[in-house]
Amino acid sequence: MSSASTATVTSSTVPPRVVEEKTVQEELSLPILLADRVIKSAQEAESLRQDCSDLAKQVDRLSQMLRSAVRLAVSIPSLYDRPLRRIASDITRNLDRALTLVRKCKKHSGVLRQVFSITTTADFRKVSNLLESSIGDMKWLLSVFESDGGAHLSLPPIASNDPILAWVWSSISAVQMGQVKDRVDAANQLASLARDNDRNKKMIVEEGGILPLLKLLKEGASAEAQIAAVTALSNIASDRERVRLIVDALGISMIVGVLGDSQTKVQISVANLVARMAALDDYAQEEFMRLNVTRPLVSLLSSHLDLEIASNNPVKTSIPSLIEMNKKLAYKNIKANYNSDSSSHGGSHSNKEREMETPEMQLKLKVSCAEALWKLSRGSVSNSRKITETKGLLCLAKIVEREKGELQFNCLMTIMEITAVAESNADLRRAAFKTNLPAAKAVLDQLLRVIQEESDPQLQIPAIRSIGCLARTFPARETRIMRPLVSHLGNRNVEVATEAAIALGKFACPENFNCSEHSKAIIEFDGVPPLMKLLRSGDQPQLQGLVLLCYLALNAGNSKALEHARALNTLEGTARSVLAQHPEWKDLFAKAIHHLTLYQAGAPLNRQSLAP
């Protein structure tokens, strides 16, 4: 494979570590050898000797630069070699052309000499221009390496058609090799480039930008450096593929380590990065779980909580365990980080130091931690279990009770995601949401309070959805749960009403052991009239209302409320239009219609089929 094709493959299809197995010294040995051959062949030329001599001078200058690069590569342990390898590949190609050219100038006879003189004069100019570009590339590269990684605004010829490439190279080099201030500036430059477009993100990744940014984050030279690194990584990690690259670079362990012990403003940025990565990649979710990121998140979320509560508050039964949990988590996090690498996180940041932060900073940290727990728990049994095992439910319930705004919303969304997982996982449901457990009771109390007292649909919907997910945990005739859900069937906000219908459907569906009792309770709490009204709304409300009506018909078909509401006629009239969009519900609708005909006076038993 030619050097040109190697460069192409390296940047587009094969990870650099697969192709670039040679050391920098080995990479530069070929162009240095070629340069010596060009000079020797130029000295042996018998035609166009002046052109050959001029070319040899260019090559000699280039050779000296290549040797300087070798010396630098040996002396700089953390050398960023990506641009060097790319430029060396171009130089090798150009020197190969120069060698072919000067070899043509050896002794030729008669007509052949004239032909070569005519053809090679133009070729000399072309090759000379190429060598001059290579000299310009090396001059730029050496200036970058010799400046301790400082920023460079000049452009090498190799990047003249794509200035972004030079900026990316210069910035990554500064992040990897520069002084602290230069590293911060360069990381911010990469963050800005990554924010602009996907092409820039891809280029930063392909040119090896992830590892230097992770190293900058881990070393903790300053809070500003860590925040700059996190910002750049967050902007890069905008899709599943790039998140996975951060995971593959062992970035999860570095991220969790910094989260456990760093300044508050750094922890805020890191928690946001955790949320972003977990939301985009389920593998990252599980890796965060494996390294137990939920423990520092819950610890940070539960700090500064006012634990003095009224005697009738169900959370009080677990206050001692919550206090003890906070103390243990704080101690374990600090100790673990010191044992692993006390210098890598910029020292310990004690709880006393965090308590000195402004209330605004403390709130921002909690908001970020709550969002991270929300995204970590989404669809993840293991993370949801981890949160419940760290007594995280008590923290969430307490915050939902006391806080407002984004923090309250994020905690509600976390509860909603955990209950959604528990709905399909009986082990988690039994372990965390038995109604006699203090944590479960605290969560349930707050969900019901939100449903009954809050008027914001953004809060009501996750609370209603959470209770619906837990429908199979409640005993028969659970009036405390059913009444507020039924009341929202008539909510003026159609989305809230629809969510109430979905939740009640989970109480009344055949998979719920207490479906008959729950269905009767829905009817007793006067749920049929608002349900019939919901059927006149849009497509989704109509579908969910119709499903709930079918469950009521199957479980309480002899109800007078259903007969007075003309439920049979409504089912027949609505089902046909709904089935055109949702044929998967045909069997349920048919069974409900048939069942109602058994109870409603005057209804013929041979009703018309629902078949189209």
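Keep in mind that what you see is a predicted model, and the values were worked out from it rather than measured.
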> Between E454 (side chain) and L459 (backbone), is there a donor-acceptor pair under 3.5 Å?
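Looks like no, no N/O pair under 3.5 Å.
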> Quick one: pull up SG in C469 and CD in E417 and give me the separation to the nearest 0.5 Å.
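Taking SG in C469 and CD in E417, the distance rounds to 9.0 Å.
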> Would you give me the side-chain donor-acceptor pairs under 3.5 Å for residues 487-499, sequence neighbours excluded?
{"unit_1": "S487", "atom_1": "OG", "unit_2": "P484", "atom_2": "O", "d": "2.6"}
{"unit_1": "H488", "atom_1": "ND1", "unit_2": "N491", "atom_2": "ND2", "d": "3.0"}
{"unit_1": "H488", "atom_1": "NE2", "unit_2": "I451", "atom_2": "O", "d": "2.8"}
{"unit_1": "N491", "atom_1": "OD1", "unit_2": "N493", "atom_2": "N", "d": "2.8"}
{"unit_1": "N493", "atom_1": "OD1", "unit_2": "E495", "atom_2": "N", "d": "2.9"}
{"unit_1": "N493", "atom_1": "OD1", "unit_2": "V496", "atom_2": "N", "d": "3.1"}
{"unit_1": "T498", "atom_1": "OG1", "unit_2": "V494", "atom_2": "O", "d": "2.7"}
{"unit_1": "E499", "atom_1": "OE1", "unit_2": "R465", "atom_2": "NH2", "d": "2.8"}
{"unit_1": "E499", "atom_1": "OE2", "unit_2": "R465", "atom_2": "NE", "d": "2.9"}

> Count the heavy atoms belonging to other residues, nucleotides or ligands that lie under 6.0 Å from CD of Q452, then report whether that count exceeds 12.
yes
> Calculate, to the nearest 0.5 Å, the distance between atoms CD1 and CD belonging to I227 and Q267 respectively.
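So the gap between those two atoms works out to 10.5 Å.
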> Do the charged groups of D445 and R480 touch, with an N to O distance under 4.0 Å?
yes
> Is E286 atom CD crowded by more than 12 heavy atoms from other residues, nucleotides or ligands, each under 6.0 Å away?
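More than 12 within 6.0 Å, yes.
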> Look at E224 together with K265 and state whether they make a salt bridge at an N to O cut-off of under 4.0 Å.
yes
> As an exercise, state the distance from CG of L291 to CD1 of I252, rounded to the nearest 0.5 Å.
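If we round to the nearest 0.5 Å, L291:CG and I252:CD1 are 7.5 Å apart.
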> Would you say the side-chain atoms of K366 pair up with the backbone N or O of S303, donor to acceptor, closer than 3.5 Å?
yes
> Would E389 and K386 pass as an ion pair if we require N to O under 4.0 Å?
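The answer is no: the pair does not qualify as a salt bridge.
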> Classify the side-chain pair S238/R242 by whether it contains a donor and acceptor separated by less than 3.5 Å.
yes
> Side chains of W169 and E207: any donor to acceptor distance under 3.5 Å?
yes
> Apply the test salt bridge (charged side-chain N to carboxylate O under 4.0 Å, His left out) to residues D281 and K375: give CA-CA distance (whole Å), side-chain angles for both, the deciding distance (0.1 Å), then the verdict.
CA-CA 10 Å; D281 183 22; K375 300 306 170 64; over 6 Å; no
> Roughly how far apart are L447 CG and S466 OG, rounded to 0.5 Å?
5.0 Å
> Name the residue from R290, M289, R295 that meets the side chain to side chain contact (heavy atoms under 4.5 Å, CB included) definition with N292.
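Passing option: R295.
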> Identify whether the distance between the nearest side-chain nitrogen and carboxylate oxygen of K181 and D185 falls below 4.0 Å.
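Answer for the salt bridge query: yes.
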> Atom OG of S269 and atom CD1 of I255: how far apart are they, to the nearest 0.5 Å?
12.0 Å
> Taking the basic N atoms (NZ, or NE/NH1/NH2) and the acidic carboxylate oxygens, is any pair closer than 4.0 Å for K506 and E423?
yes
> Decide yes or no on salt bridge (charged side-chain N to carboxylate O under 4.0 Å, His left out) for E401 and K398, but give the supporting numbers first.
CA-CA 5 Å; E401 177 189 11; K398 189 68 178 174; 3.8 Å; yes
> Got a sec: does the NZ of K201 have more than 12 other heavy atoms crowding it under 6.0 Å?
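Counting neighbours around NZ of K201, more than 12 heavy atoms of other residues, nucleotides or ligands fall under 6.0 Å, so yes.
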> Quick one: sort the F409 and W374 rings into parallel, tilted or perpendicular, breaks at 30° and 60°.
perpendicular
> Hey, could you give me the OH/CZ distance between Y551 and F507, rounded to the nearest 0.5 Å?
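Output value for this atom pair is 14.0 Å.
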